[in-house]
Participant: 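Before we start, here is the structure in question, set down as structure tokens.
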Amino acid sequence: MTRTTIQQHGRRMSVRRATGRSLRRMSVPAHRATTRNLQAAYPFIVDAALGSRGVYVGRQAGSDGSFVFDPWELYNAGVITNPNILLAGVIGRGKSALAKSLALRMTAFGIKVYVPCDPKGEWGEVARALGSEPIALGRGLPARINPLDPGPKPTAMAVEEWHREVLARRNSLLASLAETALDRRLQPVERNALLVALTAVTDTHARAGSTPVLPEIVTALMAPTEATAKALNMTGRELAVESRNLALELRRLVVGDLAGLFDGHTTHPIDFTAPVQVLDTSRLAGDDTAVALLMTCASAWMEAALAAAGSERRLVVYDEAWRMLRHLALVRRMQSQWKLSRALGVANLAIVHRISDLGAVGASGSEAVALAQGLLADCSTRVVYAQETDQVEPTAAALGLTDVEAEQLVHLPRGRGLWKVGRHSAIVDHILGEAELPVVDTDARMRTGSRP
Ligand SMILES: Nc1ncnc2c1ncn2[C@@H]1O[C@H](COP(=O)(O)OP(=O)(O)O)[C@@H](O)[C@H]1O
Ligand SMILES: [Mg+2]
């Protein structure tokens, strides 16, 4: 059993803060105890393993200890196995406020922040506070983005390999969109139809060095040429019939309710010099599935752009991520994206209402459960804000909480969360700075009756 020096209540501590980073100089009478004994009595001791480098989050509840956080530092120190963060809590307890102030504070250290979908239109204030305008997507608005954009080629990658990579990425996005819209797995013939259509369109563009757009894929699916059909040993007519439903569902993004947003060339490229870039998706209307499809197109586009944007540290925030997590195909996509992002220095922060949102991908089929568990495992840092009573048990089970920790969950006031960072726990009060308040205040808009 390890012996650790425990910092006690009532200690004298001098805290110095510089742009969110806290430097601690302690003058405490040391007290020795076994960690295990002490944690059983009170599991939220200030934990030295969590380090003292990072952005200031707030205070550890019941003490005057600062809580700082830097997922990359902790990853490098081996405290966590990945830099991703899952943040869960009921509405109105300050989840977005925490994400926004982490974002604001991290930009002070040169970390770039990307928000690929902002379904409530509340991140624009954060972007403006840092001098950039959000890119707003919606009917009648000028911005249009092409989810098939390849993004910049990583300099070290050979051209051939890069083409294969782009094809695979586009194929996976289109298959996820189609499966979500169809609400079922693609049939083998559909999967192949999609690949040959995409390959045919890609080949045409490769010669011209241009980028395909969604309407071309839909046209190629609706009316496959004899040459593409032959690759599958079918006639053009047979292939068209077999892939009709797939084509019709993807057509939604090109004509009708979802048209005009993702079906042309990109009008507003990402500004890689800006500290934060936000895609405001709050005006994307439609049923739940439509919104999830649109959020996925927006995320795919931004993720492709980020894939090669250098080695600097980046935070990608998925606010209201539970919308995407309801669809198995989108969870699958998200998970493979997250696996890639670790190599790129990207920390993803996903905000949900409850941990069980992760498992809400339909029937408790083994794949759904495995995906949910995988996604949870891919988030080494879990921050739990207040939960409904019926969520306490599943949350405790999923996160391996002690009884003492679980008991806290229903009573957590606004801004207070249980942080599980790797194997370490802390209850933290998120402290907002004066300048941050107006930027994160979503209540104000409720009060003035403007769009929530
Ligand atoms: N730590 C905090 N201290 C003070 N006010 C807070 C804090 N966290 C959130 N708030 C306020 O609570 C309101 C709701 O917060 P929000 O982050 O939008 O909730 P959520 O995203 O969980 O629904 C906001 O107006 C915000 O200003
Ligand atoms: Mg919110």
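In each ligand, atom 1 is the first atom listed, and ligand 1 is the first ligand listed.
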Participant: Taking NZ, NE, NH1 and NH2 as the nitrogens, is one of them in Asp263 or Arg144 under 4.0 Å from a carboxylate oxygen of the other?
Facilitator: yes

Participant: Within a distance under 4.0 Å of any heavy atom of Thr442, pick out the atoms of ligand 1 and give their elements.
Facilitator: 13 (C), 14 (C), 15 (O), 16 (P), 18 (O), 24 (C), 25 (O)

Participant: How far is atom 23 (O) of ligand 1 from its nearest protein heavy atom, and which residue and atom name does that atom have?
Facilitator: Gly92 N, 2.7 Å

Participant: State whether Asp319 and Lys120 are salt-bridged, where the test is any N-O pair (Lys NZ or Arg NE/NH1/NH2 against Asp/Glu carboxylate O) under 4.0 Å.
Facilitator: no

Participant: Under 4.0 Å between a Lys/Arg side-chain N and an Asp/Glu carboxylate O for Glu133 and Arg128?
Facilitator: yes

Participant: Which atoms of ligand 1 sit under 4.0 Å from any heavy atom of Ala97?
Facilitator: 8 (N), 9 (C), 17 (O)

Participant: Between Glu303 and Val346, does a side chain to side chain contact (heavy atoms under 4.5 Å, CB included) hold up when you go through it step by step?
Facilitator: CA-CA 10 Å; Glu303 287 157 1; Val346 171; over 6 Å; no

Participant: Report, in ascending order of atom number, the atoms of ligand 1 lying under 4.0 Å from any heavy atom of Gly94.
Facilitator: 8 (N), 9 (C), 15 (O), 16 (P), 17 (O), 19 (O), 20 (P), 22 (O)

Participant: Should the proximity of Arg414 to ligand 1, defined as any heavy atom under 4.0 Å, be assigned to the side chain, the backbone, both, or neither?
Facilitator: side chain

Participant: Out of Ile91, Leu432, Leu437, who gets a non-hydrogen atom closest to atom 6 (C) of ligand 1?
Facilitator: Leu432

Participant: Using a strict threshold of under 4.0 Å (side-chain N to carboxylate O), is an ion pair present between Glu405 and Lys420?
Facilitator: yes

Participant: Once you restrict to heavy atoms under 4.0 Å, what part of His430 touches ligand 1? Side chain, backbone, both or neither.
Facilitator: both

Participant: Does ligand 1 have any atom sitting under 4.0 Å from a heavy atom of Gly89?
Facilitator: no

Participant: Specify the protein heavy atom at minimum distance from atom 25 (O) of ligand 1: its residue, its atom name, and the distance to 0.1 Å.
Facilitator: Asp441 OD1, 2.7 Å

Participant: Does Arg414 pair with Asp443 as a salt bridge, N-O distance under 4.0 Å?
Facilitator: yes

Participant: Report yes if Asp443 has an N/O atom closer than 3.5 Å to an N/O atom of ligand 1; otherwise report no.
Facilitator: yes

Participant: Between Glu179 and Arg185, is there a side-chain N and carboxylate O pair less than 4.0 Å apart?
Facilitator: yes

Participant: What protein heavy atom is closest to atom 26 (C) of ligand 1, reported as residue, atom name and distance in Å?
Facilitator: Val440 O, 3.9 Å

Participant: May I ask you to say whether Asp429 pairs ionically with Arg416, meaning some side-chain N is under 4.0 Å from a carboxylate O?
Facilitator: yes

Participant: Taking backbone and side chain together, does Ser96 place any N/O/S atom at a distance below 2.8 Å from the Mg ion (ligand 2)?
Facilitator: yes

Participant: Before accepting this row, confirm whether a basic side-chain N of the pair Glu165/Arg170 lies closer than 4.0 Å to the acidic partner's carboxylate O.
Facilitator: no

Participant: Numbering the atoms of ligand 1 from 1, which are under 4.0 Å from a heavy atom of Gly415?
Facilitator: 1 (N)

